[in-house]
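Here is the structure we will look at, set down as structure tokens.
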Amino acid sequence: MNYWLMKSEPDVFSIDHLRKQKIGGWDGVRNYQARNFIRAMKKKDRVLFYHSNAKPSGIAGIMEIAREAYPDPTQFDPENEHYDPGSPPNAPRWSQVDVKFLKTFRKILPLDEIRDVPALQGMVLLKRGRLSVQPVTTAEWRLILRMCS
DNA sequence: GCCAACGTTGGC
DNA sequence: GCCAACGTTGGC
């Protein structure tokens, strides 16, 4: 079992949206490093749902991988804001996964609280602020779940 | 809305 | 292959 963290702006897609629809497609990732993590995800892997550009920004809950990587259709849709005319149809550049809602934390875990926890100083979230899909260690996962459950 | 960080693009 | 210009992310 691997653990991950994925970011979304709640104005666009929040954990409440996912809770209502139960399963959602995580499309629109347009960064190669993030894409490579998407492609490494396995069914049942667990994911922290992070709200970015929020008040406050932080971890809102958890989900799991419901479907492993497949081509993100929005890359071929000229009407879509994530359209990528350079993506070869026979070797699509961008992938997505489907995620399943598991739980909303009673209280969001804000970024500034994460910064205050010594055991979480190594989180990719703190070191690589702009990466929208990133791995989480087992120790980080367990601690965050303990803090938020 | 500002701006720092950083990824991508494209000229050379 | 370098690097300046530019665009995007995301905290504040």
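Quantities reported herein were computed from a predicted structural model and do not represent experimental measurements. Letters go in sequence order (proteins before strands), and every chain restarts at 1.
Sorted by first and then second residue, the side chain to side chain donor-acceptor pair (under 3.5 Å) pairs with a member in residues 114-127 of chain A form an empty list; sequence neighbours excluded. Identified under the side chain to side chain donor-acceptor pair (under 3.5 Å) test for residues 45-57 of chain A, with sequence neighbours left out: Trp4(A)-Asp45(A), Glu9(A)-Asn53(A).
Residue contacts shown for Arg30(A) are absent, as no nucleic acid heavy atom lies under 4.0 Å away.
Interatomic distance, Met63(A) CE to Leu102(A) CG, rounded to the nearest 0.5 Å: 9.0 Å.
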Practice problem: Classify every nucleotide of nucleotides 6-12 of chain C by which part a protein heavy atom approaches to under 4.0 Å, writing B for the base, S for the sugar-phosphate alone and - for neither, in 5'-to-3' order. | Solution: -BBBBBS

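Under 3.5 Å, the side chains of Tyr70(A) and Gln96(A) contain a donor-acceptor pair of N or O atoms.
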Extract all donor-acceptor atom pairs below 3.5 Å that involve side chains of residues 138-149 of chain A and protein atoms in other chains or at least two apart in sequence.
| unit_1 | atom_1 | unit_2 | atom_2 | d |
| --- | --- | --- | --- | --- |
| Glu140(A) | OE1 | Thr137(A) | N | 2.9 |
| Glu140(A) | OE1 | Thr137(A) | OG1 | 3.3 |
| Ser149(A) | OG | Leu145(A) | O | 2.7 |

What pairs of donor and acceptor atoms, side-chain ones from residues 25-42 of chain A against any protein atom, are under 3.5 angstrom apart with sequence neighbours left out?
| unit_1 | atom_1 | unit_2 | atom_2 | d |
| --- | --- | --- | --- | --- |
| Arg30(A) | NE | His82(A) | O | 2.9 |
| Arg30(A) | NH1 | Asp72(A) | OD2 | 3.0 |
| Arg30(A) | NH2 | Thr74(A) | OG1 | 2.9 |
| Arg30(A) | NH2 | His82(A) | O | 3.0 |
| Asn31(A) | OD1 | Gln33(A) | N | 3.0 |
| Asn31(A) | OD1 | Ala34(A) | N | 2.9 |
| Gln33(A) | OE1 | Arg128(A) | NH1 | 3.3 |
| Gln33(A) | OE1 | Arg128(A) | NH2 | 3.2 |
| Arg35(A) | NH1 | Arg93(A) | O | 3.0 |
| Asn36(A) | ND2 | Tyr32(A) | O | 3.4 |
| Arg39(A) | NE | Ser95(A) | OG | 2.8 |
| Arg39(A) | NH2 | Pro92(A) | O | 3.4 |
| Arg39(A) | NH2 | Arg93(A) | O | 3.2 |
| Arg39(A) | NH2 | Ser95(A) | OG | 3.3 |

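One hydrophobic cluster holds both Leu5(A) and Ile62(A) under the rule that ILVMFWY side chains link at heavy-atom gaps under 4.5 Å.
Two residues, Arg93(A) and Lys127(A), neighbour DNA chain B, and the one matched to the more 5' nucleotide by heavy-atom proximity is Lys127(A).
Summary for the helix from dG1(B)-dC12(C) to dC12(B)-dG1(C): the axes at its two ends, each from 5 pairs, differ by 10° when rounded to the nearest 10 degrees.
Other residues, nucleotides and ligands place more than 12 heavy atoms under 6.0 Å from the NZ atom of Lys107(A).
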